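Everything below concerns the one structure shown next.
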Amino acid sequence: MTSVTTARLLIVGPQGSGKGTQGVRIAEAFGIPVVSTGDVFRANIKEGTPLGRQVKAIVDGGDLVPDELTSEIVRDRLSQDDAAHGFLLDGYPRNAQQVAHLEEFLAARGESLDAVIELVVPREESLERLRLRAEEQGRSDDTDAGIAHRLDIYERETAPILAAYGEQGIVDRIDGVGSLDEITTRIIAALEARGLERRTAA
Ligand code: AMP
């Protein structure tokens, strides 16, 4: 198998699937930055920036920030030097329009995603983990209604993007139930099987 020196990754999974946590671990292993749109929005809301003020009501309501605005933020971030050889996208793209934006941006640079990690977690398990997180972290969008709303959007708009990437043969379906270490090991094994090279020891 030929090995690829880039690691352009996307992690997809329902809210509460652990993709944020696993994303950080995988990015560290492959020496690439995490690009999390949710983190960008939350940081801007917290700091009260113009972007934060613009998106606060949308994020609190569990709805999607407009595609063009979100894609612009991602394009800016992916244009920075540290993302030249790879990145791990968490939370973007989240619908067909954003997939089109990302594909267009990458294609213009002669790039494409190397792998899409799909974390598979049953809805009941996601709900349970989100309720726990709401108690622990007090995220303003982690109310019962907010959680259910975001899971609905995931199932309706985000899950279908996996079919398109599946046709490209780049999706790795990973069982997202188990210990954090077990799941990280599963993901790394799947990526290494594609010839992606890890930068750090496990
Ligand atoms: P997350 O942390 O990925 O669950 O994102 C938290 C919230 O940020 C979402 O519920 C949306 O309001 C917003 N958000 C994050 N990523 C996106 C995206 N790709 N498109 C639109 N809105 C997003």
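All ligand and atom numbering here is 1-based and tracks the order in the structure. FYI, the numbering just counts along the sequence from 1. Hydrogens, waters and symmetry mates play no part in the numbers below; they use all other heavy atoms, side chains included. Since the model is a prediction, treat every value here as computed from it, not as a measurement.
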Where does D63 meet ligand 1, judged by heavy-atom distances below 4.0 Å: at the side chain, the backbone, both, or neither?
backbone
Honestly curious: do L88 and F41 fall in one hydrophobic cluster under the side-chain, below-4.5 Å linking rule?
no
Any non-hydrogen side-chain atom of E68 less than 4.5 Å from a side-chain atom of H101?
yes
Please confirm whether L64 comes within less than 3.5 Å of ligand 1 when only nitrogen or oxygen atoms on both sides are compared.
no
Give me the nearest non-hydrogen protein atom to atom 6 (C) of ligand 1 as residue plus atom name, then the distance to 0.1 Å.
R42 NH1, 3.5 Å
Indicate, with yes or no, if I187 and L89 share a hydrophobic cluster defined by side-chain heavy-atom contacts under 4.5 Å among Ile, Leu, Val, Met, Phe, Trp and Tyr.
no
Assess, by modelled atom type and distance only, whether the side chains of Q22 and T184 contain a donor and an acceptor separated by less than 3.5 Å.
yes
Closest to atom 1 (P) of ligand 1 among protein heavy atoms sits R94 NH2, 3.5 Å
State, without any angle test, whether S71 and Y92 hold a side-chain donor-acceptor pair at a distance under 3.5 Å.
yes
Is there at least one pair of N or O atoms, one from Y92 and one from ligand 1, spaced under 3.5 Å apart?
no
Any link between I11 and V40 through a network of hydrophobic side chains (Ile, Leu, Val, Met, Phe, Trp, Tyr) touching at under 4.5 Å?
no
re atom 23 (C) of ligand 1, the protein heavy-atom contact at minimum distance is F41 CE1, 3.7 Å
Per-atom contacts, ligand 1 versus T70 - under 4.0 Å to a heavy atom
18 (C), 19 (N), 20 (N), 21 (C)
Atom indices of ligand 1, in the order listed, that fall short of 4.0 Å to a heavy atom of Q98
18 (C), 19 (N), 20 (N), 21 (C)
Here the atoms of ligand 1 under 4.0 Å from any heavy atom belonging to R150 are 10 (O)
Hydrogens and angles aside, do D67 and Q98 bring a side-chain donor and acceptor to less than 3.5 Å of each other?
yes
Among I73, T37, N95, which one puts a heavy atom closest to atom 17 (C) of ligand 1?
T37
Taking 4.0 angstrom as the limit and counting only heavy atoms of G91, give me the atoms of ligand 1 inside it, by number and element.
16 (N), 17 (C), 18 (C), 19 (N)
Heavy-atom pair with the smallest gap, counting every atom of R194 and I170
NH2-C, 3.4 Å
Counting only heavy atoms closer than 4.0 Å, does ligand 1 sit against the backbone of V65, its side chain, both, or neither?
both
Of all heavy-atom pairs between R8 and H85, which one has the smallest distance, and what is that distance?
NH2-CA, 4.2 Å
Atom 7 (C) of ligand 1: nearest protein contact (heavy atom, Å)
V59 CG1, 3.9 Å
